[in-house]
Amino acid sequence: MSIDQHAFPVTKTSDSKIKYFDWDHLDFGKNFSDHMFLMEYSDGVWGQGEIVPFANLTMHPAMSAIHYGQSIFEGLKANRTADGRVSIFRPDMNAKRFNESAERMCMPSIPEELFVEAIRQLVSLDDEWVTSREGHSLYIRPFMYATDELVGIRPSRTYKFLIITTPVGQYYSEPVNVKIEKSYTRAASGGVGRAKAAGNYAASMYPALQAQKEGYHQLVWTDAAEHKYIEESGTMNIVFQIGDKLITPDENHDTILRGITKRSVLQVAEMWGVEVEERMVTIKEIVEAARNGSLKDAFGAGTAATIAPIAMIGYEDEKFMLPPVEERMLSNKIKKYLGDLKTGRIEDAFGWNLIV
Ligand code: PLP
Ligand code: COI
């Protein structure tokens, strides 16, 4: 199927909400643009995708997604470039990951170019919702869920695929305090941790809430078997800088989401000749590095979070403070580079921007 064949039918809203929109009070993910993309799957094929006014959906009380959790999603961003165009960051990567999640959850795949083209056309129509405000973007949320009406357990035979978009600012407004989790588990080997499955987030809420009561913003998950190795954080992957080296848990485990932001961070660092190690990372070595002063930086990497400096790491009864954010030359430089690349202030040397 070539891209030209995906001219999705569009039903435009007669009452754009943009005129009521308060750009000064932007809570992450609470406001939605005027349109959404909708496509339905039945009898083994996807139907005609279309762009329609943003609206509520109806559902059968026995809709299988809400009973058994066959539900996956993606997250990516569109940015306003310095010359007024709109760019979308690495949507092909989200398309691939979406299909990997779909496969693990027994859901149908979506042709990658259709996935990307649907995003492009939706963002193009809701172009005004992409602001040029510093640090702001249009967050794009593709998702798929099972719609069979059945109180029996088997993979659904019908699905809905939607894309909605929401203007956002910073996900974390300050450097984050994270707690290394030793009791609860996000994902075990052989499970669904690598998939961006809705249930992974449901399962992590209770432990995250306990940590929030202790003053933390987020958890750092560790391996399910021994709670000895660092995996990732709640909404982002995690990267450490020990000395001049970037160290991060490798992705050869099916318990870690393969983050697009982290991959981009590492590619930029490697281009600059920074030594990068992707491998098993023990809690012990991070705690030792924090104690002896060689832990120069720790940050989360994610689409919503962008690059989120970690201010403090809590482990058992200890709290390790990290250097002030101004001193973190490497991650600050990477953050600026990626921000400039996405907004067209520097050359897109990697070809990561899809210009709408
Ligand atoms: N890990 C988890 C659990 C996430 O929810 C996210 C956010 O998408 C990430 C990592 C970072 O992935 P990405 O950089 O592709 O957004
Ligand atoms: C993202 O960064 O895209 C995520 O999925 C995190 C989400 C919890 C907002």
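Every heavy atom of this structure was used, including side-chain atoms; hydrogens, water molecules and symmetry mates were not. One-based numbering, in listed order, for ligands and for the atoms of each.
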(request) Determine the minimum heavy-atom distance between V325 and P309, stating which atoms define it. (result) CG2-CB, 3.8 Å
(request) Scan side-chain atoms only and decide if S64 and D148 contain a donor-acceptor pair under the 3.5 Å cut-off. (result) no
(request) Under 4.0 Å from a heavy atom of F73: give me the atoms of ligand 2 that qualify, with their elements. (result) 5 (O)
(message) Aromatic contact between Y206 and Y184, with the criterion being ring centroids under 6.0 Å apart: yes or no?
(response) yes
(message) Please tell me whether E174 and H217 have a donor and an acceptor in their side chains that are separated by less than 3.5 angstrom.
(response) yes
(request) Mind listing the closest non-hydrogen atom pair of Y229 and D223 along with its distance? (result) N-OD1, 2.7 Å
(request) Look at atom 5 (O) of ligand 2 and say which protein heavy atom is nearest, naming residue and atom and giving the distance to 0.1 Å. (result) K196 NZ, 2.7 Å
(message) In this structure, is the centre-to-centre distance between the rings of F28 and Y139 below 6.0 Å?
(response) yes
(request) Starting from atom 3 (O) of ligand 2, find the nearest protein heavy-atom neighbour and note its residue, name and distance. (result) Y139 OH, 2.6 Å
(request) Would you mind listing the cluster partners of Y216? Hydrophobic ones only (ILVMFWY), side-chain contacts under 4.5 Å, chaining allowed. (result) M312, M321
(request) Just need the protein heavy atom nearest to atom 7 (C) of ligand 2, so name the residue and atom and give the distance. (result) R141 NH2, 4.0 Å
(request) Mark up the atoms of ligand 2 that fall under 4.0 Å of a heavy atom belonging to G75, in ascending order. (result) 3 (O)
(message) Taking 4.0 Å as the limit for heavy-atom contacts, which would you say applies to M236 with ligand 2: side chain only, backbone only, both, or neither?
(response) neither
(request) Any salt bridge (charged side-chain N to carboxylate O under 4.0 Å, His left out) involving residues 196-206? Give me the pairs, sequence neighbours left out, ordered by first then second residue. (result) none
(request) Mind checking whether K77 contacts ligand 2 via backbone (N, CA, C, O), side chain (CB onward), both or neither, at a 4.0 Å heavy-atom cut-off? (result) neither
(request) Answer yes or no for E74: is there a heavy-atom contact with ligand 2 below 4.0 Å? (result) no
(request) Could you find the nearest protein heavy atom to atom 2 (O) of ligand 2 and give me its residue, atom name and distance? (result) A304 N, 2.8 Å
Just the distances, no angles: every ligand 1 N or O to protein N or O pair closer than 3.5 Å, one line each.
from: ligand 1; atom 1: 1 (N); to: E232; atom 2: OE1; distance (Å): 2.5
from: ligand 1; atom 1: 5 (O); to: K196; atom 2: NZ; distance (Å): 3.2
from: ligand 1; atom 1: 5 (O); to: Y201; atom 2: OH; distance (Å): 2.5
from: ligand 1; atom 1: 8 (O); to: K196; atom 2: NZ; distance (Å): 2.8
from: ligand 1; atom 1: 14 (O); to: I260; atom 2: N; distance (Å): 3.3
from: ligand 1; atom 1: 14 (O); to: T261; atom 2: N; distance (Å): 2.8
from: ligand 1; atom 1: 14 (O); to: T261; atom 2: OG1; distance (Å): 2.6
from: ligand 1; atom 1: 15 (O); to: R97; atom 2: NH1; distance (Å): 2.7
from: ligand 1; atom 1: 15 (O); to: R97; atom 2: NH2; distance (Å): 3.1
from: ligand 1; atom 1: 15 (O); to: I260; atom 2: N; distance (Å): 2.8
from: ligand 1; atom 1: 16 (O); to: T303; atom 2: N; distance (Å): 2.9
from: ligand 1; atom 1: 16 (O); to: T303; atom 2: OG1; distance (Å): 2.6

(message) Need the ligand 2 atom indices (1-based, order shown) with element for anything under 4.0 Å from a heavy-atom of T235.
(response) 8 (C)
(request) Could you list all the side-chain hydrogen bond (donor to acceptor under 3.5 Å, both in side chains) pairs where at least one residue sits in residues 40-59, not counting sequence neighbours? (result) E40-K160
(request) Give a yes or no answer on whether the side chain of H253 reaches the backbone of T255 with a donor-acceptor pair at less than 3.5 Å. (result) no
(request) Verify whether the ring centers belonging to F161 and F98 lie closer than 6.0 Å. (result) yes
